[in-house]
Colleague: 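Provided herewith is a single structure, encoded as structure tokens, for subsequent inquiry.
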Amino acid sequence: MSNGPMPLQHISWGRPERGIDLIEEDAVAKFGFSCSATVRASESLPRHGRSTWQVKIVRAAGCAAIGVCNERYKKMKMSCCNESNAWVLSTKTFRLDNFTRHLDMRGGDRKERLIHLTFDGDAGTLSFHGDCPDIEPLTNITGDRIYPVVAGYSGADVHVVLSQGSTPKPQAPFLSLEKYIGSLLCDTQDADVVLTVGDERICAHSLVLNRIPYFQRMLSGSFAESRKRKFDDMARGGSQHYSVAVQDSNADTMKQILRFIYTDDAKSALDGLGFAEVISLAQLADMYGLSPLFEAACRALEQLGKDAVVSGRCVLDTLEFAHQHKRLSLRQSMLALLGTRFEEVALTDRFKALPQTDIELYTEIIKEVSRQMKK
């Protein structure tokens with residue numbers, strides 16, 4: 001068996017964002033950019049062995065970028081050159097770190113550049129070869145799923161050229177229902193709900209939200225009719241969109257709530273969050289009636305208390321949360337932890353105000369600290 005790189009026979013790009021024209025001819029996908037944008041393939045690369053494909057930069061028009069990104073890359077309307085979850089070769093000099101390499105398109109008579117890209121799934125590297133000077137490979141490419149990615153400024157033209165071998169183009173496999181619904185998280189084109197959280201607008205789909213009773217009530221009857229309107233920048237063919245202002249939350253927490261609603265994956269929604277973020281997520285999950293996510297968040301708080309170096313502020317935040325939601329196990333673990341942080345906690349304005357705001361919790365803390373001091 002050959003150990004050489006395996007030429008990709010097919011790359012599925014799905015439905016590109018607005019501002020990107022895609023023409024697919026045989027083994028060539030031609031991208032024309034009418035605004036600064038990024039398109040990510042809808043299928044990931046093999047995570048073992050080496051995969052290779054070719055890209056022709058027909059016109060850079062200020063900047064074109066080619067390479068790979070992982071599943072955490074979500075800024076699909078922005079250049080991926082400065083994104084820590086994308087590893088690219090860019091025709092414009094950006095931050096020259098391990099995520100970006102620069103291809104000089106200035107000078108000479110050549111207007112096009114053909115570059116061969118090779119992704120080594122085992123080593124986590126991306127190398128570039130072709131009619132360009134030697135370019136150092138990109139390393140430390142991380143993520144469970146790695147996707148080809150193409151970006152450009154307005155006026156850029158980039159062609160992705162696949163192998164011309166005899167292998168027939170396979171039919172694009174259809175996703176399972178679970179994976180398809182999860183994929184809608186990144187689909188803004190068919191979204192019909194806009195959740196306004198502070199200054200940020202988050203797109204969602206009423207068909208998915210309606211499976212949650214809280215959102216079903218929110219989007220039905222007179223409540224919804226008072227908020228149903230057209231958006232000039234989003235309407236397509238006169239379609240209507242719901243506009244809902246979300247209170248008592250921030251955009252990041254709301255996005256994690258949606259991740260759970262779309263996937264039923266509490267672990268993914270909680271991944272990488274600290275105390276404050278988990279508390280915010282748990283409070284919102286409780287309000288929306290998402291009990292599996294709420295329970296998972298409470299368990300995560302207990303685990304964070306065991307594994308992390310916890311500040312006094314975090315202990316008090318978590319203790320107040322446990323007291324408010326009557327989480328006995330979490331409350332006991334935080335009270336035990338409080339004894340090691342009491343001097344820090346006692347100096348905070350929030351603790352000093354507890355006798356006026358929550359005398360029951362204040363009394364419980366004093367009793368626990370006194371008990372620990374007597375040991």
Side-chain angles (χ1 to χ4, degrees), residues 70-72 74 143-145 175-188 190-197 200 202-220 223-224 242 244-308 310 314-315 317-335 337:
N70 64 23
E71 66 272 18
R72 290 183 176 274
K74 301 183 179 67
D144 293 332
R145 293 179 293 276
L175 297 173
S176 67
L177 180 60
E178 178 184 2
K179 289 184 177 179
Y180 172 73
I181 294 175
S183 72
L184 293 178
L185 271 172
C186 301
D187 176 19
T188 61
D190 296 322
D192 60 349
V193 178
V194 177
L195 303 172
T196 303
V197 189
E200 188 167 345
I202 304 171
C203 295
H205 304 77
S206 60
L207 185 65
V208 180
L209 295 182
N210 274 329
R211 80 183 188 93
I212 307 300
Y214 180 95
F215 287 97
Q216 191 176 47
R217 294 191 299 270
M218 176 187 288
L219 300 175
S220 64
F223 183 93
Y242 296 96
V244 179
V246 178
Q247 307 295 332
D248 303 320
S249 181
N250 58 66
D252 289 338
T253 302
M254 193 65 216
K255 289 175 183 177
Q256 297 307 105
I257 287 287
L258 290 177
R259 178 171 296 280
F260 174 77
I261 293 175
Y262 277 65
T263 65
D264 270 342
D265 189 348
K267 182 179 179 181
S268 175
L270 290 161
D271 186 35
L273 301 184
F275 269 97
E277 292 89 351
V278 175
I279 290 174
S280 296
L281 190 65
Q283 290 172 333
L284 211 57
D286 184 55
M287 184 172 74
Y288 292 158
L290 306 176
S291 56
L293 180 58
F294 176 79
E295 294 296 332
C298 290
R299 291 193 296 271
L301 286 171
E302 288 194 52
Q303 192 62 42
L304 283 170
K306 297 175 183 177
D307 297 343
V310 189
C314 287
V315 173
D317 286 344
T318 309
L319 187 56
E320 287 182 324
F321 169 84
H323 186 75
Q324 176 186 356
H325 293 277
K326 297 180 173 57
R327 306 295 301 189
L328 181 60
S329 174
L330 180 59
R331 184 175 62 183
Q332 291 301 322
S333 64
M334 288 299 110
L335 280 173
L337 195 57

Colleague: Are Leu304 and Leu273 packed together at the side-chain level, in the sense that at least one heavy-atom pair is separated by less than 4.5 angstrom?
Modeller: no
Colleague: Might you point out which heavy atoms bring Ser249 and Leu284 nearest each other, and give the distance in Å?
Modeller: OG-CD2, 3.3 Å
Colleague: Among pairs that include at least one residue of residues 267-284, which meet side chain to side chain donor-acceptor pair (under 3.5 Å), considering only residues two or more places apart or in two chains?
Modeller: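 Found Arg72-Asp271.
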Colleague: Rounded at 0.5 Å granularity, tell me how far CG in Asp252 sits from CD1 in Ile257.
Modeller: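 Here the interatomic distance stands at 12.5 Å.
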Colleague: Taking only residues at least two apart or on different chains, which pairs with a member in residues 203-214 satisfy side chain to side chain donor-acceptor pair (under 3.5 Å)?
Modeller: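 Qualifying pairs: Asp192-Ser206, His205-Tyr262, Arg211-Asp264.
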Colleague: Show every donor-acceptor pair shorter than 3.5 Å between a side-chain atom in residues 318-330 and any protein atom, with sequence neighbours excluded, or say none if there are none.
Modeller:
residue: Thr318; atom: OG1; partner: Cys314; partner atom: O; Å: 2.8
residue: Glu320; atom: OE1; partner: Arg350; partner atom: NH2; Å: 2.1
residue: Arg327; atom: NH1; partner: Glu295; partner atom: OE1; Å: 3.4
residue: Arg327; atom: NH1; partner: Glu295; partner atom: OE2; Å: 3.1
residue: Arg327; atom: NH2; partner: Glu295; partner atom: OE1; Å: 2.8
residue: Ser329; atom: OG; partner: Glu302; partner atom: OE1; Å: 3.1
residue: Ser329; atom: OG; partner: Glu302; partner atom: OE2; Å: 3.3

Colleague: Within this structure, what is the CD-CG distance for the pair Gln256 and Asn250, rounded to the nearest 0.5 Å?
Modeller: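 Here the interatomic distance stands at 10.0 Å.
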Colleague: If I take atom CG from residue Leu270 and atom CG from residue Leu301, how far apart are they, to the nearest 0.5 angstrom?
Modeller: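 Here the interatomic distance stands at 8.5 Å.
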Colleague: Check whether any side-chain heavy atom of Leu219 sits under 4.5 Å from a side-chain heavy atom of Val244, and report yes or no.
Modeller: yes
Colleague: Side-chain contact test, heavy atoms from C-beta onward, threshold under 4.5 Å: evaluate it for Phe215 versus Ile261 and give yes or no.
Modeller: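 SC-SC contact between Phe215 and Ile261 confirmed.
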Colleague: Which pair of heavy atoms, one from Ala251 and one from Ile202, lies closest together, and at what distance?
Modeller: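 Result for this residue pair: O-CD1, 3.8 Å.
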Colleague: In chain order, what residues pass the side chain to side chain donor-acceptor pair (under 3.5 Å) check against Asp265, with sequence neighbours excluded?
Modeller: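 Side chain to side chain donor-acceptor pair (under 3.5 Å) check on Asp265 returns nothing, list empty.
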Colleague: Name all residues meeting the side chain to side chain donor-acceptor pair (under 3.5 Å) criterion together with Tyr288; count only those two or more places apart in sequence or in a different chain, and write none if there are none.
Modeller: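 Side chain to side chain donor-acceptor pair (under 3.5 Å) list for Tyr288, sorted by chain: empty.
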Colleague: Which heavy atom of Ala191 sits nearest a heavy atom of Ala204, and at what distance?
Modeller: CB-O, 3.1 Å
Colleague: Could I get the full list of side chain to side chain donor-acceptor pair (under 3.5 Å) partners for Glu200, not counting sequence neighbours?
Modeller: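 For Glu200, the residues satisfying side chain to side chain donor-acceptor pair (under 3.5 Å) (neighbours in sequence not counted) are Lys255.
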Colleague: Pick one: which of Ile212, Leu293, Leu281 meets side chain to side chain contact (heavy atoms under 4.5 Å, CB included) with Phe260?
Modeller: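 Looking at Ile212, Leu293, Leu281, the match for Phe260 under the side chain to side chain contact (heavy atoms under 4.5 Å, CB included) is Leu293.
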